[in-house]
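Structure first, commentary second.
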Amino acid sequence: MDDAGVVKVRDDLALVQTLDVFPPVVDDPYWFGRIAAANSLSDVYAMGGIPVSAVNFVGYPMAELGGEPLRRILEGAFDALKEADCAMAGGHSIKDAEVKFGLAVTGTVHPDEVITNAGARPGDKLIITKPLGMGCLTTALKQGAADEAHIDAAQRMMAHLNRNAGKAMTSVETHAGTDITGYGLVGHAWEMAAGGNVALRIRARDVPVLAEAEPYLKPEFTCGGSARNIDFGKGRVEFGPDVDERDRLVLHDVQTSGGLLIAVAPGDADTLLAKLREGGDLHANEIGVVEEGGAALRFE
């Protein structure tokens, strides 16, 4: 259930390939392009790969918007790819009534070093690398209810690459990894539990939340994707009595270009956290543990 495919080319080389396209989550074209690129690159980082090249896809109403917003979208994507040392190898565009943008990314990884979301082992520590709350905040933006300073903080967090997180993850004994995007922490954690046939126990109050998103953690800012995540979790996910409504909103919240969820050997958890924070993933935190007992997800 990983977001990228892995194709073995040689005994010492495999390609990680992924594609992600979506409509704008912010108003600024430059930040939309940068966020979309960071989101697409993340699937490669989550599998232990190194992005090498990308091609872009654009759906765009040129007659209605003109060329300047498109130029800014591409500029944002180019800047993200430059930061990732990943080449933009071309792309394709179509006329569309609604703006859409994204990238197909190809990365490399050693076939014996691929990290999937299905390898978590009992005893592993669970570490998350970015804060949650982006879905509620961007929904507030669409409703005209978000503060400009809060929007800026969210844009910068979504545009933050998982490059350091991916590098740190591969430097220690990591057994499973995934990035947290449209299915929220609940959905992606469930995939890790089901893939490895293990139980994940997560401390809800240890899950980091972007401070600027706190004012928008309210039911009126729950987007359609988050509502679907809530429906998905019914009957699958167990919540302890101390997990309140605010916590549940956060745990189901749709993320765009979210962080990595990593299952790491217990003896390497502190080392991984130190590397994450030293490399700029300042919100990284240990949030739970992997247990025996079959596929299960519990928040307490």
Side-chain angles (χ1 to χ4, degrees), residues 1-4 6 14 16 41-51 107 109-132 157 160-181 183-209 237 251 255 257-300:
M1 292 184 282
D2 291 286
D3 290 334
V6 179
V16 185
L41 291 163
S42 183
D43 290 341
V44 176
Y45 293 130
M47 300 200 73
I50 299 172
V109 67
H110 193 287
D112 297 333
E113 298 173 356
V114 176
I115 296 173
T116 75
N117 64 6
R121 304 177 187 176
D124 285 349
K125 301 295 186 180
L126 296 170
I127 290 176
I128 193 172
T129 67
K130 278 190 185 184
L132 305 184
M157 183 57 64
H160 177 73
L161 297 184
N162 283 322
R163 184 182 188 182
N164 173 66
K167 183 179 179 181
M169 177 177 70
T170 58
S171 71
V172 297
E173 187 181 343
T174 293
H175 296 143
T178 188
D179 61 335
I180 303 166
T181 51
Y183 297 147
L185 178 57
V186 163
H188 292 284
W190 170 257
E191 288 183 339
M192 186 177 286
N197 194 34
V198 291
L200 272 57
R201 183 180 297 275
I202 295 175
R203 301 179 298 274
R205 286 292 170 166
D206 286 342
V207 175
V209 176
V237 184
L251 299 173
Q255 303 304 293
S257 190
L260 302 187
L261 176 64
I262 303 168
V264 61
D268 282 349
D270 289 344
T271 300
L272 176 57
L273 275 174
K275 290 186 176 185
L276 287 167
R277 292 166 180 167
E278 288 169 4
D281 294 300
L282 304 180
H283 292 83
N285 202 32
E286 182 183 324
I287 62 170
V289 65
V290 180
E291 300 176 334
E292 296 180 350
L297 179 57
R298 305 182 182 97
F299 291 94
E300 57 186 25

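Hydrogens, waters and symmetry mates play no part in the numbers below; they use all other heavy atoms, side chains included.
- You'll find the side chain of Arg121 reaches within 4.5 Å of the side chain of Glu173, heavy atoms only.
- Lys275 places no side-chain N or O within donor-acceptor distance of the main-chain N or O of Val172, the cut-off being under 3.5 Å.
- Within a 6.0 Å radius of CZ in Phe299, other residues, nucleotides and ligands contribute more than 12 heavy atoms.
- Using modelled atom types and a 3.5 Å distance limit, the side chains of Asn162 and Ser42 yield a donor-acceptor pair.
- Taking both residues in full, the closest heavy atoms of Ala120 and Met192 are given as CB-CG, 4.2 Å, listed atom of the first, atom of the second, then distance.
- Interatomic distance, OG1 of Thr129 versus CG of Asn164, reported as 9.0 Å (0.5 Å rounding).
- With rounding to the nearest 0.5 angstrom, the CG atom of Leu161 is 7.5 Å from the OG atom of Ser257.
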### Task
Before giving the answer on side-chain contact (heavy atoms from CB on, under 4.5 Å), spell out for Gln255 and His188 the whole-Å C-alpha distance, their side-chain angles and the decisive distance to 0.1 Å.
CA-CA 11 Å; Gln255 303 304 293; His188 292 284; over 6 Å; no
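- The two residues Asp43 and Ala4 have their closest heavy-atom pair at O-CB, 4.0 Å.
- The side-chain contact (heavy atoms from CB on, under 4.5 Å) test with Lys125 singles out one residue from Val290, Val264, Ile262, and that residue is Val264.
- Atoms CG and OG1, from Asp3 and Thr178 in turn, are 5.5 Å apart once rounded to the nearest 0.5 Å.
- For the residue pair Thr170 and Gly48, the shortest heavy atom distance occurs at CG2-CA, 3.7 Å.
- Two residues are said to be in side-chain contact when any heavy atoms from C-beta on lie closer than 4.5 Å; Thr116 and Val6 fail this criterion.
- Across all their heavy atoms, Leu126 and Arg201 have their closest contact at CD1-O, 4.3 Å.
- Two residues are said to be in side-chain contact when any heavy atoms from C-beta on lie closer than 4.5 Å; Pro51 and Arg163 fail this criterion.
- To the nearest 0.5 Å, atom NZ of residue Lys130 and atom CD1 of residue Ile180 are 10.0 Å apart.
- Within 6.0 Å of the CD atom in Glu300, the count of heavy atoms belonging to other residues, nucleotides or ligands exceeds 12.
- Contact check for Glu286 versus Leu273: side-chain heavy atoms found under the 4.5 Å cut-off.
- Nearest heavy atom pair, residue Ala193 against residue Ala296, reads CB-O, 3.5 Å.
- Atom CE of residue Met169 and atom CG of residue Leu260 lie 5.5 Å apart, to the nearest 0.5 angstrom.
- Judged purely by atom type and a 3.5 angstrom limit, Asp268 has no side-chain atom pairing as donor or acceptor with the backbone of Thr174.
- Proximity of Asp2 to Met47: side-chain heavy atoms (C-beta onward) are separated by under 4.5 Å at one or more points.
- For the side-chain contact (heavy atoms from CB on, under 4.5 Å) with Ile127, the lone residue among Leu276, Ile287, Asn285 that qualifies is Leu276.
- Residue Met157 holds its CE atom at 10.5 Å from CG of Leu132, rounded to the nearest 0.5 Å.
- Here the closest heavy-atom approach between residue Gly258 and residue Thr181 is recorded as N-CG2, 4.3 Å.
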